[in-house]
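Worksheet: the structure to be examined is printed underneath.
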Amino acid sequence: MTSPVRVRIAPSPSGHLHVGTARIGICNWLFARHNGGKFILRIEDTDPERSFAEMVTSIQESMKWLGLNWDEGPYFQSQRGEIYTQWTERLRNSGHAYLCYCTPEELAAKREKAQQEKQPIRYDGNCRNLSDADRARYEAEGRKPALRLRIPDGETRYTDLVYGDLTRSNAELDDFVCARADGRPTYNFACVIDDHDMQISHVIRGNDHITNTFKQVLIYRALGVEPPLFAHLPLNLGKDRRKISKREGATSVIEYQQMGFLPEAIVNFLALLGWSPGDEREIMTRDELVDAFTLERVNPSNPVFDMQKLEWMNGEYIRKMSTNELLERLTPVLMESGLVTRLHIQTNWAWMLRVVETLRERIRLLNDIVEQGAFYFTDKFSYEEKGAKKYFNRPGAAEDLTLLSNEFGKLPSSDFTKVGTEALLRKLAEQLGRSPAELIHPLRLALTGMTTGPGVFDIVELLGRDKCVARLQHAVDFIRKSDQQ
RNA sequence: GUCCCCAUCGUCUAGCCCGGUCCAGGACACCGCCCUUUCACGGCGGUAACACGAGUUCAAAUCUCGUUGGGGACGCCA
């Protein structure tokens with residue numbers, strides 16, 4: 001690599017950071033880090049109608065959350081007006097562009113007509129060869145002209161680092177607008193100016209930009225400037241095989257964050273969408289990704305975003321993490337649920353660690369802790385209907401639980417351990433001539449309201465004698481009450 | 001309508017550039033068994049793919065062409 005590697009991610013602040021944009025960002029970031037280059041953040045906010053300050057903030061926060069630290073920027077296109085003006089002048093004077101007096105309304109009408117008549121949708125070249133008199137007439141009407149690039153005959157080609165040699169006939173490309181009537185640049189023009197001005201070495205973006213690339217190459221030529229290298233990545237599709245959209249459910253990184261996904265899992269998963277290291281590794285650390293990432297290994301076909309696999313991967317990361325770190329990540333989730341306060345977590349850290357220990361291999365998302373672990377923090381839960389039918393709605397159920405409650409109550413608290421209570425229950429079962437499971441299932445239901453969950457004696461120990469006894473008695477009351485009805 | 005791109009299990013992919021080692025490997029999901037107080041974790045096993053048709057070749061998932069299917073682009077949006 002002769003020139004230094006400089007890549008960029010250029011989101012437009014019309015919404016939160018989209019997972020598609022994030023994936024492109026990850027690839028750019030990995031490419032920069034792999035090559036010891038720079039990763040630049042540029043905000044494409046030339047359209048004030050669709051640019052929101054709070055989204056600029058949100059995008060940056062999501063980037064940071066994913067660990068995509070940038071070396072330069074954010075640059076804002078909205079603050080670069082003078083630079084564009086200079087280049088617009090240069091383009092106008094180069095003779096490669098001309099003024100177009102057609103109004104947006106006229107053009108829209110023509111486009112619609114062409115579409116209805118199933119004709120190619122293209123600019124008709126109305127203003128391509130205007131005489132001075134024509135121009136004067138339009139000016140007299142008060143029309144403000146836009147600046148269009150005059151596309152030469154022939155064809156345009158470039159070598160894509162992912163898709164290889166690509167060619168397109170210039171006849172297929174419109175004379176497109178570079179500067180609007182008010183002087184502001186359009187996307188393609190601003191993009192070229194910025195990439196050149198920021199000395200971007202590789203433009204790595206979604207393959208929906210391939211058509212734009214031909215146009216941009218033409219701009220570079222008209223300006224007499226050397227274009228960067230281009231690499232287009234496949235587009236990740238939603239389950240419906242279309243460009244991932246709102247209908248999909250979660251489309252922005254922030255939503256995944258709120259669902260309880262880990263940033264490292266998202267980065268790992270997204271990096272593997274359309275790219276693979278070539279061996280059979282799947283769970284890869286950030287460093288491993290950086291080390292292995294090359295454009296050559298990008299698969300050109302569009303992948304489908306598979307949420308189930310993301311969830312699996314998130315679970316892998318949860319299980320890999322130390323319990324201490326997991327608890328730290330769980331803390332905000334727990335607090336938000338209203339189940340516990342931060343103070344309670346902090347003052348009971350050791351106990352919390354044991355709680356997390358019992359749940360860690362059962363959760364895939366951080367948020368799963370709320371539903372699955374609620375019983376550790378509150379007595380206010382209802383009994384799972386199916387479970388109650390099966391374990392409570394049985395002759396002798398109340399008696400069994402009463403017996404268990406009494407025996408538990410008699411146990412000195414020093415013996416109220418996982419081992420101690422299990423031994424007690426098994427002995428009791430033997431005396432009753434029943435299998436331990438016949439007591440264990442109702443016990444779990446009484447203690448947690450659920451039929452699934454951590455080992456019941458872990459729960460017993462963590463809850464402690466008093467809570468266990470109280471919950472058993474509450475269950476007995478519940479059974480007697482429903483028996484009366 | 002025009003143009004561009006893509007095509008291996010349901011999904012993500014390895015293999016394709018440099019044809020034989022591929023009756024196609026891994027992962028998710030699914031199914032079964034084991035472990036077990038439940039669920040989960042873990043272990044073991046299973047179902048499942050080279051879109052189709054021609055051609056080149058002794059030999060094609062791999063090369064060529066066509067068909068079909070999918071995606072994208074065609075804005076004074078980005």
Side-chain angles (χ1 to χ4, degrees), chain A residues 10-14 44-47 49-51 77 100 102-104 107-108 111 114-123 144-148 160 162-164 166-169 171-174 176-182 184-188 190-191 206-214 232 234-237 239 241-243 269 272-283 296-297 299-313 315 319 359-364 372 387 422 425-426 435-441 443-445 450-457:
Chain A
S12 99
S14 52
E44 309 224 318
D45 57 351
T46 54
D47 187 355
E49 300 268 308
R50 301 184 200 192
S51 298
Q77 289 191 323
C100 171
C102 300
T103 64
L107 295 168
R111 254 197 307 278
Q115 197 148 25
Q116 274 175 3
E117 292 173 359
K118 307 240 179 232
Q119 291 301 304
I121 307 160
R122 218 164 289 153
Y123 176 60
K144 289 273 181 279
L147 187 65
R148 277 185 195 273
D160 195 289
V162 170
Y163 290 92
L166 263 24
T167 307
R168 191 149 184 201
S169 163
E172 299 298 330
L173 271 10
D174 292 51
F176 57 93
V177 171
C178 286
R180 301 175 170 93
D182 63 7
R184 285 156 51 232
T186 57
Y187 164 73
N188 278 309
C191 183
N207 71 17
D208 51 340
H209 284 288
I210 287 181
T211 314
N212 285 327
T213 306
F214 294 102
H232 288 89
L235 237 40
N236 50 351
L237 275 19
K239 201 137 191 72
R241 289 205 163 273
R242 317 202 90 238
K243 223 169 154 178
F269 174 76
L272 254 29
L273 228 46
W275 173 83
S276 92
D279 49 39
E280 279 167 3
R281 285 180 292 170
E282 297 233 75
I283 305 293
E296 289 75 48
R297 294 209 53 84
N299 178 340
S301 58
N302 295 338
V304 171
F305 187 98
D306 182 2
M307 181 81 102
Q308 277 188 315
K309 188 154 184 175
L310 208 209
E311 285 185 17
W312 161 77
M313 194 170 273
R319 262 166 268 131
L359 254 13
R360 61 176 301 154
E361 65 205 20
R362 278 162 247 266
I363 60 174
R364 295 192 134 193
Q372 293 188 38
E422 177 162 7
L425 183 139
R426 287 187 187 277
S435 79
E438 284 178 82
L439 294 179
I440 284 171
H441 293 302
L443 174 60
R444 171 180 289 104
L445 188 63
M450 304 190 294
T451 55
T452 64
V456 76
F457 299 107

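Letters A, B, ... are given to chains in the order of the sequence lines, protein chains preceding strands, and every chain is numbered from 1. Fair warning: this is a prediction, and the values are worked out from it, not measured in the lab.
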Report all interatomic pairs (protein N or O, nucleotide N or O of nucleotides 42-51 of chain B) with separations under 3.5 Å.
none

What N/O pairs connect the protein and nucleotides 76-78 of chain B at under 3.5 Å? Give each pair on its own line.
{"from": "B:rC76", "atom 1": "O2", "to": "A:A181", "atom 2": "N", "distance (Å)": "3.0"}
{"from": "B:rC76", "atom 1": "N4", "to": "A:C102", "atom 2": "O", "distance (Å)": "2.4"}
{"from": "B:rC77", "atom 1": "OP2", "to": "A:R180", "atom 2": "NE", "distance (Å)": "2.1"}
{"from": "B:rC77", "atom 1": "OP2", "to": "A:R180", "atom 2": "NH2", "distance (Å)": "2.9"}
{"from": "B:rC77", "atom 1": "O5'", "to": "A:R180", "atom 2": "NH2", "distance (Å)": "3.1"}
{"from": "B:rC77", "atom 1": "O3'", "to": "A:R180", "atom 2": "NH2", "distance (Å)": "3.1"}
{"from": "B:rC77", "atom 1": "O2'", "to": "A:D47", "atom 2": "OD2", "distance (Å)": "3.1"}
{"from": "B:rA78", "atom 1": "OP1", "to": "A:T46", "atom 2": "OG1", "distance (Å)": "2.4"}
{"from": "B:rA78", "atom 1": "OP1", "to": "A:R180", "atom 2": "NH2", "distance (Å)": "2.7"}
{"from": "B:rA78", "atom 1": "OP2", "to": "A:R180", "atom 2": "NH2", "distance (Å)": "3.1"}
{"from": "B:rA78", "atom 1": "OP2", "to": "A:Y187", "atom 2": "N", "distance (Å)": "2.9"}
{"from": "B:rA78", "atom 1": "O3'", "to": "A:E44", "atom 2": "O", "distance (Å)": "3.3"}
{"from": "B:rA78", "atom 1": "O3'", "to": "A:E44", "atom 2": "OE1", "distance (Å)": "3.2"}
{"from": "B:rA78", "atom 1": "N6", "to": "A:N212", "atom 2": "OD1", "distance (Å)": "3.3"}
{"from": "B:rA78", "atom 1": "N6", "to": "A:N212", "atom 2": "ND2", "distance (Å)": "3.3"}
{"from": "B:rA78", "atom 1": "N1", "to": "A:N212", "atom 2": "ND2", "distance (Å)": "3.3"}

**Request:** Report yes or no: is there a donor-acceptor pair, N or O only, under 3.5 Å between the side chain of A:R444 and the base of B:rU37?
**Result:** yes
**Message:** Quick check: any donor-acceptor pair below 3.5 Å linking the side-chain of A:K309 to the base of B:rA29?
**Reply:** no
Could you give the distance separating [M] and [N] at their [atom1] atoms, to the nearest angstrom?
{"N": "B:rC33", "M": "B:rG72", "atom1": "C1'", "answer": "47 Å"}
{"N": "B:rC74", "M": "B:rA24", "atom1": "P", "answer": "43 Å"}
{"N": "B:rC63", "M": "B:rG26", "atom1": "P", "answer": "24 Å"}

**Asked** What residues, two or more places apart in sequence or in another chain, satisfy side chain to side chain contact (heavy atoms under 4.5 Å, CB included) together with A:H209?
**Response** A:Y187, A:R205, A:N212, A:H232
**Item:** A:S276: partners by side chain to side chain contact (heavy atoms under 4.5 Å, CB included), with sequence neighbours left out
**Value:** A:R297
Indicate whether OP1 or OP2 belonging to [N] is found under 4.0 Å from a side-chain N or O atom of [X].
{"X": "A:R360", "N": "B:rC39", "result": "no"}
{"X": "A:R364", "N": "B:rC39", "result": "no"}
{"X": "A:S276", "N": "B:rA14", "result": "yes"}

Counting the atoms with a prime plus P, OP1 and OP2 as sugar-phosphate, which does [X] contact under 4.0 Å by heavy atoms, base, sugar-phosphate, or nothing?
{"X": "A:L166", "result": "sugar-phosphate"}
{"X": "A:F214", "result": "nothing"}
{"X": "A:G274", "result": "sugar-phosphate"}
{"X": "A:I121", "result": "base"}
{"X": "A:S301", "result": "sugar-phosphate"}

**Prompt:** What is the distance from CG of A:L359 to C1' of B:rA40, rounded to the nearest Å?
**Reply:** 10 Å
Might you list the N or O atoms of the protein lying below 3.5 Å from N or O atoms in nucleotides 60-68 of chain B, with each pair's distance?
none

**Message:** Side chain of A:V304 only, heavy atoms from C-beta on: which candidate in B:rC3, B:rC74, B:rC12 is closest?
**Reply:** B:rC12
**Request:** Give the nucleotide from the list B:rG75, B:rC39, B:rC5 with an atom nearest to the side chain of A:R362.
**Result:** B:rC39
**Message:** Regarding A:D182 and A:R180, does a basic nitrogen lie under 4.0 Å from an acidic carboxylate oxygen?
**Reply:** no
**Nucleic acid footprint by protein, nucleotides 30-36 of chain B - heavy-atom cut-off 4.0 Å, B for base, S for sugar-phosphate alone** = -------
